[in-house]
**Student:** 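For reference, the structure I am asking about is given below.
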Amino acid sequence: MSADVYQVIVVGAGHAGIEAAAACSRMGVKTLLLTMNVDQIGAMSCNPAVGGLGKSQLAREVDALGGHMCRVADKSAMQYRLLNESKGPAVRATRVQVDRHEYRAIMKNLVESLDHLSVKQGQVSKLLIENGKLLGCATTLGQIFYAPNVVITTGTFMNGKAHIGKMNFASGRAGEPPSVGLSDYLSSIGIRVGRLKTGTVPRVDRRTIDFSKTEEQISQESCPPISIFSEKKRSDLVSAHIAHTNAMTHEIIRSSLEESPLYAGIIQSRGPRYCPSVEDKIVRFADKTRHQVFLEREGRLTNEVYAGGLSTSLPYDCQLAFLRSIPGLERVEIIRPGYAIEYDYIDATQLSLTLETKELPGLFFAGQVNGTSGYEEAASQGIYAGINAARRAQEKEPFVLSRSESYIGVMVDDLVTKGTTEPYRMFTSRAEWRLLLRQDNADTRLLPKAQGVGLISSKDFEKFEARQRQRANLRSLMNEVRLTPTPETNAKLEAMNQAPIKTLTLGSEILRRPGITYSDLHRFMEASLETFSPDDLSFVETEIKYEGYIRQSEAQLNQIGRMENLKIPTDFLYESLSGLPRESVEKLSRVRPINLGQASRISGITPATISVLAIHLSRKLRMKQSSAKGTCAAEREFDVIEEENITLENRIGGNN
Amino acid sequence: MIETICALATPPARAALALIRISGPSARFVIEAMSGQRMSHRHPLLSILKRPDGAIVDEAVATFFQGPNSYTGEDLVEITCHGNPIIVEEIIREIVSRETVRPAEAGEFTRRALANGKLALDQVEALDLVLNGTSRRTIEFGLKAKMEGLAGSVADVSERLLDLLTQVESQLDFSDEEVGTRDSKALAARARALSEELARWAGAFSAYKHLFQSWTVCLAGPANVGKSTLFNKITQTSKAIVYETPGTTRDPIEHVVDWNGFPILFIDTAGVRVSDDPVENLGVERAMLAIKRADIVLWIDDRGNPPPPVVKEVLAKKRWLPVRSKADLNIAGDLGDCLAVSAHSGAGLERLHRAVLPEEAPLDGIPHRPLFSERQYQLISLAADDLKKAADLMDGGEYLDLCGEHIRSAASRAQELTGPLPTDRILKEIFARFCIGK
Ligand SMILES: Nc1nc2c(ncn2[C@@H]2O[C@H](COP(=O)(O)OP(=O)(O)OP(=O)(O)O)[C@@H](O)[C@H]2O)c(=O)[nH]1
Ligand SMILES: [Mg+2]
């Protein structure tokens with residue numbers, strides 16, 4: 001019996017579940033990982049790739065928290081690309097296409113060998129709750145496992161239903177059974193559940209593609225490994241290929257729209273706008289004459305090729321017909337058709353900023369089940385929920401990341417504050433502090449914090465420290481550069497379309513000029529930069545080039561922090577506040593924000609409501625402080641806030 | 001439970017009529033209980049207000065406004081009663097004796113209107129002009145601003161800023177294949193044009209800001225030249241002490257006058273001289289400060305002498321006017337092209353009037369509805385600077401993420417005139433315009 005008692009149970013072993021369980025294991029917490037099928041641990045059901053725009057920042061954060069996603073991606077890599085290289089360090093992103101079979105095998109092996117972690121196959125059907133306390137969970141086979149903390153990461157499995165044409169069948173991930181009953185059970189205990197839709201592309205047979213008619217896209221030499229802990233990339237990388245749809249393809253699709261479950265009205269739930277089906281693309285952007293198709297091998301030991309860009313739920317015949325209209329795919333054979341999938345997700349506004357349900361302490365939700373899409377979004381929620389479940393098991397303070405220190409913080413805050421009605425994907429434009437949140441500084445932002453809670457091995461920490469030294473060296477190298485106004489120097493500058501210098505100039509000043517990068521500066525340096533990784537080069541370049549902006553952002557953050565961090569007690573009675581409109585009271589009571597900043601981001605909450613709240617909170621705090629002889633600094637801060645509000649009040653004047 | 005609030009809206013003095021307001025969920029119940037009549041939206045009813053014991057409190061007109069169609073956005077009752085403070089007090093006491101009603105805090109009605117979205121922040125600022133404006137033009141301006149609001153202008157500017165931002169953000173968050181490459185020169189040109197437009201919008205503010213920030217006229221000059229006498233004459237007060245020995249005035253004395261519809265703040269100051277009396281010297285320091293802050297300085301001297309070098313230095317950067325006082329005495333001195341006035345005879349005062357008025361700023365030719373507070377001016381000027389910076393960086397070939405930062409900042413500033421910019425707006429725009437998908 002005692003063998004079945006754990007500190008944390010993680011339900012589901014997808015990208016979220018793995019990171020959650022592994023984080024608990026690193027933190028020395030006795031954990032059980034329960035999954036419906038242990039063969040599918042770490043399966044990639046959609047695009048076999050890690051990273052990409054807005055996502056590599058998340059992946060790097062998982063990496064900096066000691067997670068496995070990036071390391072395993074490097075081990076199973078097929079092709080690398082560095083995206084947005086010329087658009088700036090804050091949006092630069094690494095994308096690794098991986099061998100999905102290797103990825104899964106390595107991940108499974110890794111998960112099975114972690115300390116403090118047991119892996120079992122079983123489908124959870126309900127939770128054990130007694131007197132409002134979470135005790136564990138039970139499976140469909142009647143097995144019972146005890147733990148005061150349960151992390152649910154069931155992805156798209158809850159009540160999954162796949163659609164191909166007008167055919168549909170219950171399904172979890174590609175070809176796997178769904179988990180039926182769990183979401184009904186969750187609804188029965190009062191958790192609000194909604195329905196979303198996503199889709200995937202057909203997989204085709206590599207032997208039936210004429211690659212000579214496609215464009216080759218080779219792996220990018222200069223792209224560094226995605227994990228900061230990987231020393232080097234594999235040597236056996238392969239290329240991807242690009243093909244294009246044409247008028248004929250579009251015609252075939254258009255003429256079979258009524259066969260599409262989307263257009264025939266069979267699927268009503270919302271799909272992701274950023275990952276539309278090819279049907280959607282053709283209907284909504286009728287003027288576009290062609291679309292790209294990325295042909296990526298799913299692995300080295302398989303002939304399955306992922307037809308990226310062609311997510312579809314049209315009937316099989318139709319999929320085959322439109323594929324064959326694409327140059328290079330004239331004789332193509334489909335191995336697995338594309339399909340759309342509908343699934344249940346939970347309304348994340350029921351969760352707190354640690355992804356724990358507010359109503360049932362100890363119950364956490366992470367990953368696609370919270371309405372997100374993408375492996376990186378899932379993995380980063382998983383690790384975050386896992387850490388917090390472990391912290392709770394250890395009876396320690398929660399581990400909270402803010403919007404200004406991480407994309408994880410942005411995502412979690414967005415989810416629990418606003419909820420989502422379509423699959424949520426990360427974009428850099430969601431981050432207010434984008435210049436501070438780069439993939440090149442994920443480790444400096446998060447790793448020391450992660451080490452503080454026991455997530456980082458001493459070996460990894462040494463690597464990090466070595467890296468920091470390396471960056472410091474590079475920084476002083478760049479700072480030491482002095483340009484003397486010789487004709488030779490100015491000739492070089494002019495060759496770069498740059499204004500000549502008149503006095504002795506620091507290299508860092510030149511680097512701050514628009515359009516100048518470290519490689520330009522390098523022309524004035526004697527030292528070689530070869531020994532430095534592209535990541536470090538980008539890191540140091542950015543720190544120098546954006547120094548002014550970074551400092552300004554930090555100053556702003558401090559200023560905002562005052563308001564932002566004004567705490568709202570969790571049991572705060574919004575009804576008791578006069579002057580708040582009813583809808584605001586309802587929304588605030590539902591989300592129960594922990595501070596004024598979070599409150600201000602709830603959709604539909606007006607700045608006016610925030611002012612009313614601010615006046616009240618700061619006043620209350622002052623009363624508390626004056627009775628307890630409050631600290632001067634804090635009091636002064638609230639004075640400022642109150643002053644602002646009071647001037648508004650005074651301006652408004654008497655009782656008008 | 002949202003509490004119901006009640007307060008007197010007119011000044012607490014004996015008058016023909018007084019207006020009492022009740023706002024909140026029990027407003028209707030309270031008035032129906034007191035009058036014994038059913039109220040309907042916007043129908044004024046002559047009511048006999050009674051206490052629960054049946055005693056008559058007053059005969060009044062009550063109007064009910066059903067939320068959200070009321071000033072506060074909540075159920076609201078306005079009672080126009082007889083303006084005897086004893087009656088008013090009794091009615092209010094009767095109303096707030098109900099369990100769910102309490103007296104309103106200062107500004108609470110407007111705060112509720114703001115919270116319920118009945119008023120935007122800029123409209124509250126306009127309301128301030130209407131309520132606290134010290135001249136006819138200010139009030140006119142405030143009324144117009146409150147009715148029109150800046151929302152239309154903000155929407156227009158935000159729309160274009162958002163469009164620009166969408167172009168930039170789509171480049172940052174999606175691949176070129178999905179959204180196409182944008183010509184950064186063209187983007188920079190658009191940013192620059194918008195920046196110039198905003199700069200003109202903000203720039204116009206300084207030309208007419210005297211409408212809401214009092215135009216300050218400082219009376220300065222040597223001791224005993226008759227500054228205080230002139231001040232009293234102009235302001236038609238006797239605020240300043242006048243005496244025949246020099247060094248009379250110490251603290252600056254202020255008074256606002258409505259002149260030709262403009263609020264003009266006159267300041268009388270201590271005579272500028274070096275004295276043995278340390279207190280008087282402190283007064284001169286204050287006079288110098290007042291000179292520095294004023295929009296226009298009248299340098300008054302009964303001999304028409306120019307100001308001493310220390311003062312001249314300060315005046316060099318300002319609008320100022322030499323005035324020769326005590327013109328009735330015909331004191332010998334350098335007459336120059338001084339404006340001669342006499343506080344005693346009133347000679348020259350008419351000319352002085354015209355000379356100190358701010359220049360009339362035309363309100364047309366401004367690209368948008370005129371701004372009317374320092375906060376608004378700051379926001380739009382900063383937004384203009386942001387856009388200019390973005391344009392310069394784009395032209396210089398700087399990384400787009402950095403340029404985007406400035407445009408984002410401009411967009412959120414413009415939006416802040418009325419409320420914050422939600423980040424999902426940008427993504428929504430991008431998805432509506434570009435074909436995106438992996
Ligand atoms: N004849 C005549 N006497 C004036 C006039 N204005 C002021 N005086 C007299 O001048 C004397 C000084 O007047 P104030 O107004 O106190 O002068 P001030 O410049 O304020 O003096 P300080 O405050 O000491 O600097 C008083 O005796 C006034 O009666 C004027 O227009 N005509
Ligand atoms: Mg005087």
Side-chain angles (χ1 to χ4, degrees), chain A residues 47 52-54 83-84 86-91 273-278 280-281 284-285 288 291-292 294 308-309 311 418 427-430 432 434-435 497 513-515 545-546 549 575-576 578-582 584-585 600 603 606-609 611-612 648-656, chain B residues 1-3 5 7-9 21 24 73 102 104-112 114-117 119 121 124-125 127-128 131-132 169 171-175 177-178 392-402 404-405 408 416 419-420 422-424 426-428 430-431 434-438:
Chain A
N47 201 354
L53 297 180
L83 311 172
N84 267 357
S86 61
K87 292 178 187 168
V91 295
R273 284 173 300 176
Y274 46 82
C275 187
S277 62
V278 69
D280 267 342
K281 289 189 196 178
R284 290 187 38 219
F285 301 95
K288 242 189 138 172
H291 297 277
Q292 271 189 327
F294 285 91
S311 167
K418 298 187 195 144
F427 294 104
T428 67
S429 57
R430 296 193 194 272
E432 303 73 353
R434 181 162 62 197
L435 294 186
N497 270 331
R513 287 187 178 182
K545 203 176 178 64
Y546 288 15
Y549 290 89
E575 304 88 42
S576 71
S578 78
L580 284 189
R582 191 157 306 143
S584 302
V585 171
S600 69
S603 56
T606 62
T609 294
S611 315
V612 173
L648 182 66
E649 264 181 274
N650 287 346
R651 293 176 75 88
I652 292 167
N655 279 319
N656 38 76
Chain B
M1 245 302 284
I2 295 172
E3 287 172 295
I5 52 172
L8 178 66
R21 275 176 171 170
R102 62 164 172 77
E105 294 163 16
E108 200 173 0
F109 284 90
T110 304
R111 215 160 62 220
R112 287 189 177 196
L114 189 68
N116 287 316
L119 288 175
L121 205 53
V124 174
E125 286 169 323
L127 187 61
D128 172 41
L131 296 173
N132 302 326
E169 293 290 321
Q171 294 286 295
L172 298 176
D173 267 340
F174 299 93
S175 66
E177 296 88 57
E178 288 170 312
D392 289 347
L393 289 174
M394 278 194 263
D395 279 337
E398 187 53 284
Y399 287 134
L400 200 60
D401 60 356
L402 208 50
E405 210 58 24
R408 274 183 178 208
E416 239 180 81
T423 51
D424 358 8
I426 303 157
L427 285 169
K428 211 169 132 197
I430 295 178
F431 294 132
F434 302 107
C435 175
I436 280 145
K438 55 180 177 183

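Residue numbering restarts at 1 for every chain, and letters A, B, ... go by the order of the sequence lines.
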**Student:** For A/Y549 and B/L393, work out which heavy atoms get closest and say how close.
**Tutor:**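 What the structure gives for the nearest pair is OH-CD1, 3.6 Å.
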**Student:** Looking at every non-hydrogen atom in both residues, tell me the closest pair between A/E432 and B/E405 and how far apart they are.
**Tutor:**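 The answer is O-OE2, 4.0 Å.
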**Student:** Are A/S429 and B/R408 packed together at the side-chain level, in the sense that at least one heavy-atom pair is separated by less than 4.5 angstrom?
**Tutor:** yes
**Student:** Whether the side chain of B/D173 engages the backbone of A/G54 through a donor-acceptor N/O pair (distance < 3.5 Å, no angle test) should be reported.
**Tutor:** no
**Student:** If you take all heavy atoms of A/R434 and B/D401, which pair is closest and at what distance?
**Tutor:**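 Of all heavy-atom pairs spanning A/R434 and B/D401, the closest is NH2-O, 4.3 Å.
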**Student:** Could you pull out the closest heavy-atom pair between B/L402 and A/L435, with the gap in Å?
**Tutor:** CD1-CD1, 3.6 Å
**Student:** Return the set of residues passing side chain to side chain donor-acceptor pair (under 3.5 Å) with B/Y399 (not counting sequence neighbours), or none when no residue passes.
**Tutor:** A/R92, A/E541
**Student:** Nearest 0.5 Å, what's the CD-OG1 distance between B/E169 and A/T428?
**Tutor:** 6.0 Å
**Student:** Run the side chain to side chain donor-acceptor pair (under 3.5 Å) test against A/Q292 and tell me which residues pass, sequence neighbours left out.
**Tutor:** none
**Student:** Between atom OG of B/S175 and atom CG of A/L53, what is the distance when rounded to the nearest 0.5 Å?
**Tutor:** 7.0 Å
**Student:** Highest number of heavy-atom pairs under 4.5 Å with chain B: which of A/G515, A/P89, A/A90, A/P514?
**Tutor:** A/P514
